[in-house]
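The structure under discussion appears below in the form of structure tokens.
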Protein chains: 2
Amino acid sequence: MRILIIEDEAPLLERVTAQLREQGYAVDTAADGRTGLYLGQEYPLDAAVVDLGLPDLSGIEVISRWRASGRCFPILILTARGRWQDKVEGLEAGADDYLVKPFHMEELLARLRALIRRTGGWTQSLLSCGSIALDTGAQLVTLAGQPVEVTAYEYKLLEYLMLHAGMVISKTTLTEHLYQEDEDRDSNVLEVLVGRLRRKLDPDRTLNPIETLRGRGYRFALDRSSG
Amino acid sequence: MRILIIEDEAPLLERVTAQLREQGYAVDTAADGRTGLYLGQEYPLDAAVVDLGLPDLSGIEVISRWRASGRCFPILILTARGRWQDKVEGLEAGADDYLVKPFHMEELLARLRALIRRTGGWTQSLLSCGSIALDTGAQLVTLAGQPVEVTAYEYKLLEYLMLHAGMVISKTTLTEHLYQEDEDRDSNVLEVLVGRLRRKLDPDRTLNPIETLRGRGYRFALDRSSG
DNA sequence: ATTAAGCTGTAAGCTAATTTAAAACTTATT
DNA sequence: AATAAGTTTTAAATTAGCTTACAGCTTAAT
């Protein structure tokens with residue numbers, strides 16, 4: 001999951017960034033509206049956290065412009081305590097949720113998770129497709145009820161694919177979401193990762209939960225109804 | 001467990017703080033509503049004790065604002081005897097339990113324990129998983145019925161993990177709830193602590209009650225049904 | 001006051017899991 | 001058949017977590 005944070009208070013920005021990275025998100029940051037606007041236009045985000053009180057270009061303005069240009073990832077706005085009324089303006093501009101500063105880090109995480117889940121069309125913390133299920137709370141993957149051991153990266157990959165089950169996800173998109181740095185064009189980490197995950201999720205090579213669309217990317221199959 | 005106390009009478013605040021620290025809680029304190037509100041927004045609390053008769057910002061106000069901004073830790077309110085009717089207002093604002101002053105320290109401790117337990121989904125004061133049981137009242141740990149000697153920190157760690165049994169808890173989250181100070185990123189206290197606890201709870205290395213999820217955290221196993 | 005015992009945190013080395021990189025190999029597409 | 005895209009295998013590099021030993025403190029006992 002790739003998240004953008006736009007926040008001008010450096011210490012807060014750092015804390016939030018560290019926390020989200022720890023949770024396994026790929027995090028992009030901006031300390032002003034202009035940079036933030038650009039990053040949001042340029043990169044495929046899963047969510048954005050935007051402080052409304054920004055220098056140069058206001059948070060409201062950034063959100064409006066994103067929405068005007070068709071960007072539809074969920075946006076969580078942060079408002080200073082004295083300015084909580086701003087939230088209305090923010091929500092009208094196209095934000096999805098708000099949080100009043102100072103806030104509880106866990107609250108931010110919870111809301112972000114909820115937002116991301118909602119946009120993926122999932123409502124509970126258990127993603128399940130056919131015989132494969134992923135519990136985001138216990139971070140447990142099960143295959144036909146049996147737990148499957150997955151590594152941190154495998155988990156992230158699976159979560160992203162299941163969250164977007166049925167959609168084709170390009171390799172570039174995947175690398176961008178799983179890793180901070182931009183892709184090395186001469187690396188096959190992703191293919192290796194997909195291979196390992198496939199072997200774990202489908203030992204007998206019969207279900208094929210992760211489809212390959214040559215030249216386009218991967219797709220998590222929706223309809224493997226053997227579970 | 002991390003607890004916040006908001007109380008303007010200094011002697012009472014001190015007594016309660018000392019008592020809770022003695023019980024092994026990490027305690028944050030505030031003598032007025034404004035500070036208390038802020039601390040509650042900022043730190044990951046497991047519970048809060050709020051006196052309703054506060055200077056500047058009232059207890060009711062503090063609770064309302066916390067709840068409005070999504071804070072969901074349990075809250076115990078304290079009311080003066082003459083003002084016991086205030087409790088209704090407090091509970092409506094989002095508090096979970098109340099205590100009329102003057103009270104017995106024992107009673108406060110018992111109610112706090114109950115509140116914290118309930119948030120983890122436990123209804124009785126005995127947390128038990130497989131052959132491991134933890135009595136939050138007596139602060140006693142038993143393994144297959146036999147008492148196990150654990151130190152203060154080992155107890156805190158075990159209590160937190162058992163309360164959130166089945167969920168993955170990151171190391172940062174654990175440190176935040178076990179210690180007052182913020183994490184040293186280059187310390188391995190937690191690993192050492194987990195190691196010691198494991199040796200005590202599972203001397204033969206066969207049950208593995210505390211699972212490690214590399215890169216993600218620890219998880220107390222729900223289903224070790226050998227007890 | 002002195003000593004002993006136990007608790008907690010630090011540091012270092014170690015182990016093993018995980019990730020990366022590279023090369024050989026397979027499959028689709030034109 | 002030629003080429004591009006994807007897969008698999010292996011080995012090397014990296015890193016997270018475990019263990020152990022020890023030192024500083026605190027608490028209890030003499």
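Remember, it's a predicted structure, so these values are computed and weren't measured experimentally. Below, chain A is the first sequence line, B the second, and so on; all start at residue 1.
Following rounding to the nearest Å, Leu193(B) (CG) and dC7(C) (C1') show an atom-to-atom distance of 11 Å. For Leu157(A) and dT18(C), the CG to P distance is 15 Å, given to the nearest whole Å. Put simply, CG on Leu190(B) is 14 Å from P on dT19(D), counting in whole angstrom units. Protein atom CZ of Arg196(A) is 6 Å distant from nucleotide atom C1' of dT19(C), rounded to whole Å. Atom C1' of nucleotide dA17(C) and atom OH of Tyr153(A) are separated by 14 Å, given to the nearest angstrom. Taking atom OH of residue Tyr155(B) and atom P of nucleotide dT8(C), one finds them 14 Å apart after rounding to whole Å. For the pair Leu178(B) CG and dT8(C) C1', the interatomic distance rounds to 13 Å; values are reported in whole Å. To the nearest angstrom, P of dT19(C) lies 14 Å from CZ of Arg199(A).
To the nearest 0.5 angstrom, Leu158(B) atom CG is 9.5 Å from Cys129(B) atom SG. The line from CZ of Arg196(A) to CD of Glu154(A) is 5.0 Å long, rounded to the nearest 0.5 Å. Between Arg2(B) atom CZ and Leu178(B) atom CG the span is 10.5 Å, to the nearest 0.5 Å. Once rounded to the nearest 0.5 Å, the distance linking NZ of Lys156(A) with CG of Leu174(A) reads 12.5 Å.
The side chain of Lys171(B) contributes no N or O atom lying less than 4.0 Å from OP1 or OP2 of dA16(D). Proximity of Arg205(B) to the phosphate of dT19(D): a side-chain N or O atom is located under 4.0 Å from OP1 or OP2. Phosphate contact (OP1/OP2 of dT19(C), side-chain N/O of Thr151(A), threshold under 4.0 Å): present. For the OP1/OP2 pair of dT19(C) and a distance below 4.0 Å, the side-chain nitrogens and oxygens of Tyr179(A) include no atom meeting the criterion. At the phosphate of dT10(C), OP1 or OP2 sits under 4.0 Å from a side-chain N or O atom of Ser187(B).
With a 6.0 Å radius and a threshold of 12 heavy atoms from other residues, nucleotides or ligands, Phe103(A) has its CZ atom above the threshold. Within a 6.0 Å sphere centred on CE of Met167(A), heavy atoms belonging to other residues, nucleotides or ligands number 12 at most.
No engagement by Val194(A) is indicated, since no non-hydrogen atom pair under 4.0 Å with the nucleic acid exists.
Considering only side-chain atoms of Tyr218(A), the nucleotide from dG9(C), dT7(D), dT8(C) that sits closest is dT7(D). Of all nucleotides listed (dT20(C), dT7(D), dA11(C)), dT20(C) comes nearest to the side chain of Val192(A). In the set dA23(C), dG6(D), dT19(D), dA23(C) carries the atom at the smallest distance from any side-chain atom of Asn188(A).
A side-chain donor-acceptor contact under 3.5 Å links Arg21(B) to the backbone of Val27(B).
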Strictly under 4.0 angstrom, non-hydrogen atoms only: write out the protein contact profile of nucleotides 25-30 of chain C, one letter per nucleotide from the 5' end, B, S or -.
--BBS-

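Mapping Lys200(B) and Val150(A) onto DNA chain C by nearest heavy atom places Lys200(B) at the nucleotide closer to the 5' end.
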Check against ring-ring contact (aromatic ring centres under 6.0 Å, His included), Tyr179(A) and Tyr153(A):
CA-CA 9 Å; Tyr179(A) 297 91; Tyr153(A) 271 111; 4.9 Å; yes

